[in-house]
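Heads up, the thing below is written out as structure tokens.
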Amino acid sequence: MKPFFVSRLRSFGYAFRGWWHVIRTQQNAWVHAIVSTAVLIVGLWLGLPPRDWAVLLLTIAMVWAAEFLNTAIEAVVDLASPANHPLAKVGKDVGAAAVLIAALAAVGVGLLILGPPLWERVSVWFS
């Protein structure tokens, strides 16, 4: 039983190293971190119901997962094709497009979930 737990802990270590690599090397990860934090703070301020939290958390996770997968694709493409190659460019561009789609969907979800209660909360400041 002990080897099972040791190997699970080792797996978590690999995952956290990958996470740290993305945070250290990918500028867009900082944008995701800032926006994710802002959304969480606004959600707390608005007192969102649990179902809205579930959707927001899944959406944030979707964007982060896309960013992590894109970083992995870029690393593998660079390893497999150190020289410029049209197919390497396609692989990297498609990975970047996946992040863009996830981020645009997240903006839509954020507007739908946060927009109405946020507007209600701040509109009293302007009336």
Side-chain angles (χ1 to χ4, degrees):
M1 200 63 169
K2 184 179 176 181
F4 172 79
F5 288 112
V6 170
S7 68
R8 292 313 98 210
L9 285 174
R10 197 172 298 127
S11 295
F12 278 108
Y14 298 145
F16 284 118
R17 270 199 295 276
W19 194 332
W20 180 239
H21 173 79
V22 170
I23 295 297
R24 268 192 357 254
T25 64
Q26 303 302 306
Q27 291 179 354
N28 287 337
W30 284 98
V31 174
H32 299 317
I34 291 166
V35 172
S36 297
T37 303
V39 166
L40 295 173
I41 290 169
V42 170
L44 287 169
W45 181 59
L46 294 172
L48 296 176
R51 185 172 293 155
D52 288 352
W53 277 112
V55 173
L56 283 177
L57 291 174
L58 285 171
T59 303
I60 289 169
M62 173 184 68
V63 174
W64 279 102
E67 183 64 47
F68 282 41
L69 288 170
N70 183 49
T71 301
I73 288 168
E74 287 178 355
V76 170
V77 166
D78 288 345
L79 177 65
S81 181
N84 287 337
H85 189 282
L87 289 177
K89 181 179 181 347
V90 169
K92 289 183 170 191
D93 290 350
V94 170
V99 177
L100 178 61
I101 289 167
L104 291 174
V107 169
V109 168
L111 288 172
L112 289 169
I113 289 178
L114 298 174
L118 184 59
W119 179 251
E120 185 179 316
R121 186 71 71 92
V122 299
S123 64
V124 297
W125 297 346
F126 303 108
S127 55

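Not measured: the values here are computed from a predicted model.
Looking at every heavy atom in both residues, L87 comes nearest to H85 through N-ND1, 2.9 Å. Nearest heavy atom pair, residue A66 against residue A98, reads CB-O, 4.1 Å. Closest heavy-atom contact between L44 and W53: N-CZ2, 3.4 Å.
The only member of V109, I113, L46 that meets side-chain contact (heavy atoms from CB on, under 4.5 Å) when paired with D52 is I113.
Enclosure of atom CZ in R51 is not indicated, since only 12 or fewer non-hydrogen atoms of other residues, nucleotides or ligands lie within 6.0 angstrom. Counting non-hydrogen atoms of neighbouring residues, nucleotides and ligands closer than 6.0 angstrom, the CG atom of N84 reaches no more than 12 such neighbours.
Formation of a donor-acceptor pair under 3.5 Å by the S7 side chain with backbone atoms of F4 is found in this model. A donor-acceptor distance shorter than 3.5 angstrom exists from the side chain of T37 to the backbone of A33, with no hydrogens or angles considered.
Hydrophobic clustering of Ile, Leu, Val, Met, Phe, Trp and Tyr side chains at less than 4.5 Å, counting indirect connections, keeps F68 apart from I73. Note: the hydrophobic cluster containing I34 does not contain W64 (ILVMFWY, side chain heavy atoms under 4.5 Å, direct or indirect links). By the criterion of side-chain heavy atoms lying less than 4.5 angstrom apart, applied directly or through intervening Ile, Leu, Val, Met, Phe, Trp or Tyr residues, W119 is grouped together with V42 in one hydrophobic cluster. M62 and L40 sit in two unconnected hydrophobic clusters of ILVMFWY residues. Membership requires side-chain heavy atoms under 4.5 Å apart, directly or through other members. In the hydrophobic clustering of this structure, V63 does not group with W30; members are Ile, Leu, Val, Met, Phe, Trp, Tyr whose side-chain heavy atoms approach within less than 4.5 Å, directly or through other members.
Side-chain atoms of H32 and V99, non-hydrogen and from C-beta on, do get closer than 4.5 Å to each other. Contact check for L114 versus L56: side-chain heavy atoms found under the 4.5 Å cut-off. Using a 4.5 Å heavy-atom cutoff, the side chains of V39 and T59 are not in contact. Taking the side chain as every heavy atom from C-beta outward, Q27 and V31 never approach each other to under 4.5 Å.
Atom OG of residue S11 and atom OH of residue Y14 lie 7.0 Å apart, to the nearest 0.5 angstrom.
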Kindly determine whether N70 and N28 satisfy side chain to side chain contact (heavy atoms under 4.5 Å, CB included), including the steps that lead there. CA-CA 11 Å; N70 183 49; N28 287 337; over 6 Å; no
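For the pair R8 and F12, the cation does not sit on the ring face, since its NZ or CZ is not both under 6.0 Å from the ring centre and inside 45° of the axis.
In this structure, F16 and W19 have parallel ring planes: the angle between them is below the 30° cut-off, well short of the 60° mark.
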